[in-house]
Amino acid sequence: MRLAPFPSGPLHVGNARMVILNDYYVKRYKGELILVFDDTIGSSEKIVETEAFDLIPDGLKYLGVEWHKTVYKSDRLDLFYKYAVDLIKRKEAYVCDCDAKVWRKEHKIKGIPCACRFLSVEENLARWEKMLDGTYPERAAAVRLKTGMDNPDPAMRDHVILRISETEHPRVGTKYRVWPLLEYSWGIDDHELGISHIIRGKDLVKEGKIEQHIWNIYGWQHPELLYYGRLKFQDATLSKSKSSKEVREGIYTGWEDPRTWSLQSLERRGIDPRAIRKVMLDLGLSLVDISISMKSVYSENRKLRDAEAPRVFFVEDPIWAKAEQIPSNLSVADVPVHPDFPEQGVRRIAIGITNGSAVIGLSQDDLGQMKKDTLFRLKDFANFTLEKAKPPTIKMHSKDVEEVRKINGPIIHWIPRLNSVPVELTLIDGSIAHGFGEPGIKDLASGTFVQFERVGFARLNEVGATIRAAFAHK
RNA sequence: GCCCCGGUAGUGUAGACCGGCCCAGCAUCUAGGGUUUUCGACCCUAUGACCCGGGUUCGAAUCCCGGCCGGGGCACCA
C-alpha cells in the first residue's frame, strides 16, 4: 500500500485518517507501505514546501506508522515520459495545443473531439518534442489521454495527463519542464511500485477511473481501490494553505501552533497518538461524509493518559489574597499527586506563613462567585471564609474538610505566593493564559502531561524560570 | 446542464453482501443520580434512530422501483 501526501506542509488531524487506515491494513495483513511524496509541480495554489519533506515523516513517526520505503515522484519523471511516448505511439494519447478555455467550452462540454485528436503519431511525437525542448511555452500544449469524448460523464472526457510548467521545483530545480498530473502519474506508479490496495478519499474517484483506463490499456492487474468520505471536524478548521500563510507571516508561532491542527501541534499538547488512531479507526471506511468532534479524541486521550498525569495547581491571572489566622503548625499542605493512586505520594506545598498570615493566589472566577463570609476550602489544605473583597482577605475557619462538605461549599485550587512559578499556557485558540503554578511544578520534567486541577490537561513543553505549557483539553 | 456517490439516535458506528436471532447493539454527547477534598477519573439511570412512498415476501433497516435530501466530480491542482 502507499501513503501519498502532497508536501505542502505537515500532516494534520484530517490527514491522519488516510495515514492510519493505510497503516492499519498494512500491519493487519503484514503488507508493505511506501511513502510517496506526491511532489509534482502543483499549481499556483498548491505549492511544494521543502520543510514538508521532514515534517511529514515526523508526523508519521508520532503516529507510530512504519513505512518501508520512501519515493519521490519528482525522481520518476523519465518513467512518466517513457510511458507518455508509448501512449502516443499506441494512439491512446495526443498532444493538444488548443486553448484550455476553448477546449473546455467547445469540446469537453459538447463532447466533440478537437482536431488534435486525429493527428498522426508522427505529428504527435514532434509536438511532444516541442513540449520538452521549450518550443511550446507554458499552457500552449498538453498531453491528453483518450478516455473518450463520447463518455456520458464530462469529467471523463480526454483528460490532460502531462503539461508544461516552468516553475522551479525545490528538489529537481528546472531540470524538467513537462510534469505529469496526479491521475496519470499514479496510473503508472501504482503498477510500477507494485501497489495492491489503494485507500484514499472519495474526491479521487474520477482519478481512480482514469487509472483503471490506463491499466486496461496495458492489461495490468488492477489494484484494489477503496474510498472513504470527507471528514470534517465541528470544532477545528483545517486549512493547510491558511496555516501555511499564517506560519509564514508569523501570525502563528510555527507549525506547532495549535491553530494549524498539525500532528506536531497535537503532540505538543500531549495528545496520545493512540487516541487519534482509535478515533480514526472507529470511523471505518464508509463513503459517507462525516463530521465529528475533537471531543472524541479528547475523550480517548483522557482514558489513556489520566492515570499517568500528575495533578498540579495552576491559577490563571491570580488575585493575591491575604490569608489570616493560620496556625503555625499548618505551614505545609500535603496534596496527593494523583487522587486515584495514593501510592504516588503527596506534593508538599509550603504556605509561607509570616506572623500567622500568608499570601495565596486564587482564581478570579472563584473569587467572583463568593460573597462576604462564604465558607470555602483551599483544596487539600484548610477552610476559609471571605472577609472582604478589597483588598482580598480571607480568614482561616477550620481544617476538617467535613466543615465545608456539610454546607456543600466550594473547594477550590490555589497557589502560595511563596515560590510559585510563572506559567504561560497556550490555549487551543493560540492565545496565552498567564498565571502561576505551584512551586513543585519546576521539578517536573519537560514533556510531562499534567492535569491542572479544575482547569484541564496540559503538556509541559519548557520547564525553566517560566514554564511553557500547551493546553490539551478539559 | 451532465456524471458519480451516499442517507441507522445530537455525533460516529454495528447490522445490510447471505431478508427472520433487530419492537435495532456499541461509543460519545446531553440530562439526572452515586462516589470523589478537581469542573478529571469511576459507577448507575434516562432521553434518543432505520429519509419518504410504493413493491416483492409469511416476514424488510436489510432486496426492487420511484421520490426527497445531502455530498462530490466536470482544472494544463492534489
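Centroid-to-centroid, the aromatic rings of Tyr83(A) and Tyr184(A) stay 6.0 Å apart or farther. Checked against the 6.0 Å centroid criterion, the rings of Phe449(A) and Phe457(A) qualify as a close aromatic pair. For an aromatic pair to be called close, the ring centres must be under 6.0 Å apart, and Phe37(A) with Phe53(A) satisfies this.
Using a 4.0 Å heavy-atom criterion, one finds that Ser286(A) contacts the sugar-phosphate atoms exclusively. Residue Phe457(A) is in sugar-phosphate contact alone, with no base atom involved, counting any heavy-atom pair closer than 4.0 Å across all strands shown. Within the 4.0 angstrom heavy-atom criterion, only backbone atoms of the sugar-phosphate kind lie near Val288(A); the bases stay farther away. Within 4.0 Å of Arg377(A), counting heavy atoms only, lies at least one base atom of the nucleic acid. Within 4.0 Å of Leu182(A), counting heavy atoms only, lies at least one base atom of the nucleic acid. When heavy atoms are screened at a 4.0 angstrom cut-off, Arg157(A) is found touching no nucleic acid atom at all. If you check every strand for non-hydrogen atoms under 4.0 Å, Asp282(A) touches sugar and phosphate atoms only. The residue Asp235(A) sits apart from the nucleic acid: no heavy atom pair falls under 4.0 Å. Within the 4.0 angstrom heavy-atom criterion, only backbone atoms of the sugar-phosphate kind lie near Gly42(A); the bases stay farther away. The residue Leu204(A) sits close to a base: some heavy atom pair falls under 4.0 Å. Ser44(A) comes within contact range of no nucleotide atom at all, as no heavy-atom separation falls under 4.0 Å. Glu138(A) comes within 4.0 angstrom of no nucleic acid atom, judged by non-hydrogen atoms across all strands. Within the 4.0 angstrom heavy-atom criterion, only backbone atoms of the sugar-phosphate kind lie near Ser291(A); the bases stay farther away. Across all strands shown, Pro339(A) has heavy atoms under 4.0 Å from base atoms, whether or not it also approaches the sugar-phosphate.
Here the nucleotide nearest the side chain of Ile292(A), chosen from rC39(B), rC76(B), rG12(B), is rG12(B). Distances were taken from every side-chain heavy atom of Lys202(A) (C-beta onward) to each of rG71(B), rC39(B), rC74(B); the shortest belongs to rG71(B). With rG73(B), rU38(B), rA41(B) as the choices, the nucleotide that has an atom nearest any side-chain atom of Asp306(A) turns out to be rA41(B). The nucleotide whose nearest atom lies closest to any side-chain atom of Phe6(A) is, among rG1(B), rA78(B), rC77(B), rA78(B). Picking from rC76(B), rG6(B), rG40(B) the nucleotide with the shortest atom distance to the side chain of Leu287(A) gives rG6(B). Nearest to the side chain of His338(A), among rG12(B), rA75(B), rG40(B), sits rG40(B).
Put simply, the side chain of Gln451(A) and the base of rU38(B) share a donor and an acceptor less than 3.5 Å apart. Residue side chain Asp203(A) does not reach the base of rG73(B) through any donor-acceptor N/O pair under 3.5 Å, judged by distance alone. A donor and an acceptor atom never sit less than 3.5 Å apart when one is taken from the side chain of Glu45(A) and the other from the base of rA78(B).
In this structure, Arg302(A) does not reach the rC42(B) phosphate: none of its side-chain N or O atoms is under 4.0 Å from OP1 or OP2. Close to rA78(B), at under 4.0 Å from its OP1 or OP2, lies a side-chain N or O of Thr40(A). Within the structure, a side-chain polar atom (N or O) of Arg230(A) is placed less than 4.0 Å from OP1 or OP2 of rG72(B). Contact annotation: Arg104(A) side-chain N/O to rA75(B) OP1/OP2 distance is under 4.0 Å. Between Lys206(A) and rC74(B) there is a side-chain N or O to OP1 or OP2 distance below 4.0 Å. At rA78(B), one or more side-chain N or O atoms of Arg163(A) fall inside 4.0 Å of OP1 or OP2 (strictly under the cut-off). Taking side-chain N and O atoms only, Lys303(A) has a distance below 4.0 Å to OP1 or OP2 of rU28(B).
Pairing of rC18(B), defined by two Watson-Crick or G-U wobble distances under 3.5 Å, is not identified with any nucleotide. Taking a pair to require two hydrogen-bonding distances under 3.5 Å in either a Watson-Crick or a G-U wobble arrangement, rC68(B) pairs with rG7(B). Shown here, rU38(B) forms no base pair; nothing in the strands shown gives a Watson-Crick or G-U wobble contact with both key distances under 3.5 Å. Judged by Watson-Crick or G-U wobble contacts below 3.5 Å, the nucleotide rA31(B) has rU45(B) as its partner. Under the Watson-Crick or G-U wobble criterion, with both distances below 3.5 Å, rA61(B) is left unpaired in every strand shown. Summarising the base pairing, rC74(B) is matched to rG1(B) through a Watson-Crick or G-U wobble pair whose two defining distances lie under 3.5 Å.
Checking Asp429(A) against Ser431(A) by side-chain atom types alone, a donor-acceptor pair falls below 3.5 Å. With 3.5 Å as the limit, one finds no donor-acceptor pair spanning the side chains of Arg157(A) and Asn151(A). Judged by distance alone, the side chains of Trp255(A) and Glu51(A) do bring a donor and an acceptor atom under 3.5 Å apart. Asp317(A) and His434(A) share no side-chain donor-acceptor pair at under 3.5 Å. Side-chain contact check for Tyr136(A) and Glu129(A): no donor-acceptor pair (N or O, by modelled atom type) lies under 3.5 Å. Under the 3.5 Å distance criterion, with hydrogens and angles disregarded, no donor-acceptor pair is assigned to the side chains of Trp215(A) and Asp190(A).
In terms of position on RNA chain B, the residue among Ile412(A) and Pro152(A) whose nearest nucleotide sits closer to the 5' end is Pro152(A). Mapping Ala155(A) and Ile411(A) onto RNA chain B by nearest heavy atom places Ile411(A) closer to the 5' end of the strand.
One interatomic measurement links the two molecules: CG of Asp289(A) to P of rU8(B), which rounds to 12 Å at whole-angstrom precision. Rounded to a whole Å, the CZ atom of Arg454(A) is 11 Å from the P atom of rG40(B). Atom C1' of nucleotide rG10(B) and atom NZ of Lys295(A) are separated by 10 Å, given to the nearest angstrom. The interatomic distance linking Lys474(A) (NZ) with rA41(B) (P) rounds to 11 Å, in whole Å. Atom-to-atom, CD of Glu106(A) to P of rC74(B) comes out at 20 Å; the value is rounded to the nearest Å. Taking atom CG on Leu3(A) and atom P on rA78(B), their separation rounds to 18 Å, with Å as the unit.
Comparing the C1' positions of rA60(B) and rG53(B) gives a spacing of 15 Å, expressed to the nearest Å. Only the P atoms considered, rG54(B) is 25 Å distant from rG48(B), to the nearest whole Å. For the C1' atoms, the distance linking rC63(B) with rU56(B) amounts to 8 Å, nearest Å. Distance noted for atom P between rU47(B) and rA41(B): 24 Å (whole Å). Taking the C1' atom of each, rC21(B) and rU62(B) are spaced 14 Å apart, rounded to whole Å. As rounded to the nearest Å, rG7(B) and rC52(B) have P atoms that lie 14 Å from one another. Annotation: rC29(B) and rG10(B) have their C1' atoms spaced 7 Å apart (nearest Å). rC5(B) and rG67(B) have their P atoms separated by 15 Å, with the value rounded to a whole Å.
Thr147(A) contributes a side-chain N or O that, together with a main-chain N or O of Asp158(A), makes up a donor-acceptor pair within less than 3.5 Å.
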